[in-house]
Amino acid sequence: MNEALWLSQEDVKALDITMKDVMEAVEAGWRLKGEGKVELPAKPGVHPRRDCYIHAMPCWIGGEIDSAGLKWVAGYPDNPSRRGLPYNTGLFILNDCETGLVRAVMDANWMTTWRTGAASGVGALHLAPTGASVVAIIGLGTQGRINLRAMAEALPDLREVRIHDVRESQIASFLAEMEPLFPRFRYVACPTVEAVCAGADVVITCTPILADPRRIVRSEWLKEEVLCLAVDYDSAFDSDVMTGGEGFVCDDRNQYLWTQSHGVYFQDGYPREDQIYADMGEIVAGSKPPLSRGRRSALFMGIASHDVMTARLIHARALERSIGTRLPL
Ligand SMILES: NC(=O)c1ccc[n+]([C@@H]2O[C@H](COP(=O)([O-])OP(=O)(O)OC[C@H]3O[C@@H](n4cnc5c(N)ncnc54)[C@H](O)[C@@H]3O)[C@@H](O)[C@H]2O)c1
């Protein structure tokens, strides 16, 4: 009888996987991608409600990894404030590459949160100004918080965390959760976007992705030497933040351009093909040098290779610890 391992969100959380573990996995996947060993079609999606999506994200990672899987993930911006539900929810299916059989089915909420933060962390490892000590985070929900965990791992000199959100209550709950985790940082809550960017070496935006983006971060508010990291597509940074600096890096050129060509995101001045400096995989694999001066901008849409690498880690750890439920297929 064939069986698959079912891992609920509680099962996944119980595995005690660290940010360092996920960053190493994400970085290894990016390196293999940069070496041309990853099959990664651009993610197709359906949009049942305005500003909402449900994406299908398949991927095979070859090389020494040889793992394949698919994530079916929804993003509903009103879920946290109106329903007390997460913005992102979904499932991941891990396949056996030899037989194609399903080996595991797992909750994808934890994975999506952590691998997204980890991707920013790997971006900061390779692209942040040397000695970066001040981070600004705009949008203090799930991604704002996990991105801080990633920066704490990636930036050894980090000492000040500047924060901004349109909802007052988010500032209080961000501080209640993050201060005990990282008491070594100084936290500065800022009333405006301009104020939060002041003096920041790394600026990260984690606001809702909108079909009509507001683009609230202006280039003139940023330091000359800065890494800008967009977790929220083209919703927050003005287009010239992305085009006017030393270089624009994406997580997957094909997916970015495919999405742009479909006409909803990355319009109105966002980088075109000839304005992309590199895929992050090229930088991690060493085929493109990292940007080391001026304003570097990175837009990581989220790629399925991060999910496969993280799912692999989750599956291996669950087998090791006998966690999960075996389901007959
Ligand atoms: N790139 C990726 O791989 C990836 C993966 C997961 C989520 N995301 C995206 O990350 C973003 C954040 O997701 P989340 O789970 O943290 O959502 P969330 O709802 O938990 O947090 C969003 C926060 O942004 C705040 N906000 C809304 N408008 C704002 C504004 N104009 N200025 C400042 N703050 C504002 C909200 O009050 C909230 O605190 C979403 O756009 C989501 O789609 C991207």
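Both counts, for ligands and for their atoms, begin at 1 and track the order of listing.
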Q: Just say parallel, tilted or perpendicular for the rings of Tyr265 and Tyr233, cut-offs at 30° and 60°.
A: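 The rings of Tyr265 and Tyr233 stand perpendicular, inter-plane angle above 60°.
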Q) About how many Å separate CD of Glu168 and CG of Leu140, when rounded to the nearest 0.5 Å? A)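 So the gap between those two atoms works out to 10.5 Å.
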Q) Quick one: CZ on Arg31 to CD on Glu282, what's the gap to the nearest 0.5 Å? A)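 Rounded to the nearest 0.5 Å, the CZ-CD separation comes out at 15.0 Å.
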(Q) Check contact between Tyr53 and ligand 1, using heavy atoms of the residue and a distance below 4.0 angstrom. (A)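 Within the 4.0 Å threshold, so yes.
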Q: Give a yes/no on ligand 1: does Gly75 have at least one heavy atom closer than 4.0 angstrom to it?
A: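 It does not; every heavy atom stays at 4.0 Å or beyond.
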Only heavy atoms of [X], strictly under 4.0 Å: list the atoms of ligand 1 that pass.
X	answer
Ile209	41 (O), 43 (O)
Phe300	1 (N), 2 (C)
Met301	1 (N), 2 (C), 3 (O)

Q) Pick from Phe300, Phe237, Tyr256: which one makes a ring pair (Phe, Tyr, Trp, His ring centres under 6.0 Å) with Phe248? A)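 Running ring pair (Phe, Tyr, Trp, His ring centres under 6.0 Å) over Phe300, Phe237, Tyr256 with Phe248 returns exactly one hit, Tyr256.
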Q) Do Ser133 and Asp157 get their side chains close enough for a donor-acceptor pair, meaning under 3.5 Å? A)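 Checked: Ser133/Asp157 side chains show no N/O donor-acceptor pair below 3.5 Å.
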Q | Heavy-atom nearest neighbour in the protein, as seen from atom 26 (N) of ligand 1, with distance rounded to 0.1 Å | A |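 Heavy-atom neighbour on the protein nearest atom 26 (N) of ligand 1: Val166 CG2, 3.6 Å.
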Q.
Considering Ser169, Gly141, Ala236, Ser235 one by one, which has a heavy atom nearer to atom 18 (P) of ligand 1 than any of the others?
A.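 Looking at heavy atoms only, the winner is Gly141.
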Q | ligand 1 to Gln143 polar contact by distance, N or O atoms, under 3.5 Å | A |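 Yes, at least one N or O pair falls under 3.5 Å.
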Q | Close N or O approach (Arg115, ligand 1; < 3.5 Å) | A |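 N/O-N/O distance below 3.5 Å exists for this pair.
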(Q) With heavy-atom distances below 4.5 Å as the criterion, would you say the side chains of Arg296 and Glu225 are in contact? (A)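 The answer is yes, as the side chains (C-beta and beyond) meet within the 4.5 Å cut-off.
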(Q) Given 3.5 Å as the limit, does a donor-acceptor pair link the side chain of Arg162 with the main chain of Tyr187, or not? (A)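 Side chain of Arg162 to backbone of Tyr187: no pair is present.
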